[in-house]
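Please read the structure below before turning to the comments.
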Amino acid sequence: MTAPRSSGPALAVVGATGAVGSVLLQILSQRADVWGDIRLIASPRSAGRVLAVRGEETEVLALTEDAFDGFGKGDIVLFLTPAEVSARWAPVVTARGAVVVDQSAAFREDPEVPLVVPEVNAHAVRIRPRGIVAGPDCVTAAMIASLGALHAEYGLADLAVSSYQAASAAGRAGSEALRRQLSLVAGSSLGEQTGDVRRAVGEDTGPFAAPLALNVVPWSGELREGGWSSHELAVRAETRRILGLESLPIAVTCVQVPVVTGHSLTVRARFEREVDAGHAREILEAAPGVVLVDDPEAGEFPTPADAAGTDPAWVGRVRGSLDDSRSLEFFVCADNLRKGAALNATQISELIAGEFA
């Protein structure tokens with residue numbers, strides 16, 4: 001099966017029917033059309049579905065080797081799949097000469113695979129020995145554009161962050177679990193006695209370690225040495241790679257909160273030089289991919305409900321540390337499905353497509 005070619009490189013989206021895939025198809029229809037043919041691919045159980053992309057009805061193909069027929073040099077295959085799927089199929093694609101853009105954790109720590117956020121290190125996309133470019137975790141993506149802009153001015157020396165992660169980061173299963181739990185506790189007086197929320201929700205907490213409705217859960221990922229979670233260590237490693245600071249001290253605490261869409265983070269960044277909060281606001285205001293909303297007196301600061309469905313990272317509560325003139329503290333929100341995944345992957349793909357224009 002060889003797809004007819006039109007102007008521009010061909011793009012295949014693997015995982016097109018998932019939560020991030022749905023957002024990516026919307027983004028493709030909203031941005032400049034640099035693509036020729038677009039092919040949609042998913043698991044065999046989703047094959048045959050018809051989805052709209054760029055105003056055209058497109059049938060979803062099953063993920064098999066035949067699905068990549070006709071793809072070669074200058075074409076791009078975008079994986080929005082679990083890490084094990086990306087690890088299995090990315091070499092199949094690169095063997096044909098096409099470039100892989102992978103949004104999973106499969107290649108983020110591979111030194112021969114650039115980890116890219118275009119607003120921070122777009123140049124890295126051109127050096128890809130394995131023919132693969134990776135995008136970061138959605139928590140890292142939410143904060144990295146603001147940190148990159150501040151690092152360029154002041155030199156980042158130390159970082160401490162806490163994340164407040166939306167349920168949709170766990171895909172549709174996460175969003176559905178939160179909505180189900182909320183329906184079980186709505187209109188009640190639960191949350192006032194030990195264990196009452198757990199009893200109402202039951203043992204099925206979905207992809208979360210504890211009930212999420214009327215609660216926060218200070219855990220995301222799998223247990224690692226020293227009590228750290230795999231997700232916390234991933235955010236640490238990815239931030240170092242993207243900023244090019246291999247020994248940057250970073251402390252991360254990942255927390256799940258009862259929000260459907262939109263990750264938030266509190267950030268305490270210490271720099272090599274003294275920081276002026278007013279100048280830092282000017283830097284953030286001018287930073288690509290960042291919008292500054294910072295007027296607490298007027299009740300203006302970012303919240304995940306405001307960030308949902310938007311492209312930028314929203315930054316506010318910018319203030320100098322009371323105890324250290326080299327430290328800055330701020331709050332940042334971003335849509336975890338858009339900038340945290342689909343938009344970043346689209347931006348990377350567009351950079352690569354520009355090489356073959």
Side-chain angles (χ1 to χ4, degrees), residues 117 119-120 136-165 216-221 224-229 231-257 259 262-287 289-304 306-307 312-334:
V117 173
E119 291 88 349
V120 181
D137 176 85
C138 47
V139 173
T140 307
M143 69 174 176
I144 203 70
S146 53
L147 279 177
L150 293 166
H151 168 59
E153 177 71 13
Y154 293 113
L156 187 60
D158 194 290
L159 182 65
V161 300
S162 291
S163 69
Y164 308 91
Q165 297 173 208
V216 298
V217 182
W219 189 258
S220 176
R224 294 292 184 262
E225 186 177 354
W228 294 95
S229 79
H231 199 175
E232 290 162 346
L233 295 180
V235 172
R236 183 174 186 264
E238 292 167 18
T239 300
R240 286 174 158 187
R241 280 203 71 191
I242 295 167
L243 296 179
L245 298 171
E246 295 182 2
S247 58
L248 177 70
I250 304 178
V252 185
T253 300
C254 288
V255 181
Q256 300 277 356
V257 297
V259 169
H263 285 347
S264 306
L265 298 97
T266 55
V267 179
R268 186 180 191 272
R270 191 169 190 267
F271 297 94
E272 296 171 356
R273 301 191 291 111
E274 189 169 303
V275 180
D276 176 76
H279 183 49
R281 290 187 188 94
E282 293 175 358
I283 293 169
L284 292 167
E285 203 163 24
V290 174
V291 173
L292 183 68
V293 182
D294 192 22
D295 188 357
E297 185 176 1
E300 294 182 359
F301 33 71
T303 74
D306 300 316
W314 299 78
V315 177
R317 298 297 321 282
V318 180
R319 58 212 187 274
S321 174
L322 295 175
D323 304 308
D324 186 351
S325 62
R326 292 195 291 164
S327 292
L328 190 75
E329 305 188 28
F330 60 92
F331 188 75
V332 57
C333 301

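What's counted below: heavy atoms across the whole structure, side chains too, no hydrogens, waters or symmetry copies. Just so we're clear, the structure is a prediction, and the values are computed from it rather than from any experiment.
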Find the distance between [atom1] ([X]) and [atom2] ([Y]) and round it off to the nearest 0.5 Å.
X    : Y    : atom1 : atom2 : result
I144 : D137 : CD1   : CG    : 11.0 Å
F301 : D306 : CZ    : CG    : 9.5 Å
F331 : T303 : CZ    : OG1   : 8.0 Å
L150 : L156 : CG    : CG    : 8.5 Å
S264 : M143 : OG    : CE    : 13.0 Å
D158 : R268 : CG    : CZ    : 7.5 Å

Looking at [X] and [Y], what are the two nearest heavy atoms and their distance?
X    : Y    : answer
H231 : Q165 : CE1-NE2, 3.2 Å
A287 : A149 : CB-CB, 3.6 Å
A280 : V275 : CB-CG1, 4.3 Å
E232 : C254 : OE2-N, 3.0 Å
Q256 : S220 : NE2-OG, 3.4 Å
H151 : F271 : N-CE2, 4.1 Å

Are any side-chain N or O atoms of [X] and backbone N or O atoms of [Y], one a donor and one an acceptor, separated by less than 3.5 Å?
X    : Y    : answer
R319 : R317 : yes
T140 : T239 : no
E329 : S321 : no
R273 : E153 : yes
R240 : L248 : yes
R281 : V318 : yes

(request) Give the ring-plane orientation class for Y154 versus H279, where under 30° counts as parallel, over 60° as perpendicular and anything between as tilted. (result) perpendicular
Kindly indicate whether the side chain of [X], heavy atoms from C-beta on, has any atom under 4.5 Å from the side chain of [Y].
X    : Y    : answer
S163 : L265 : yes
V267 : L328 : no
D294 : V315 : no

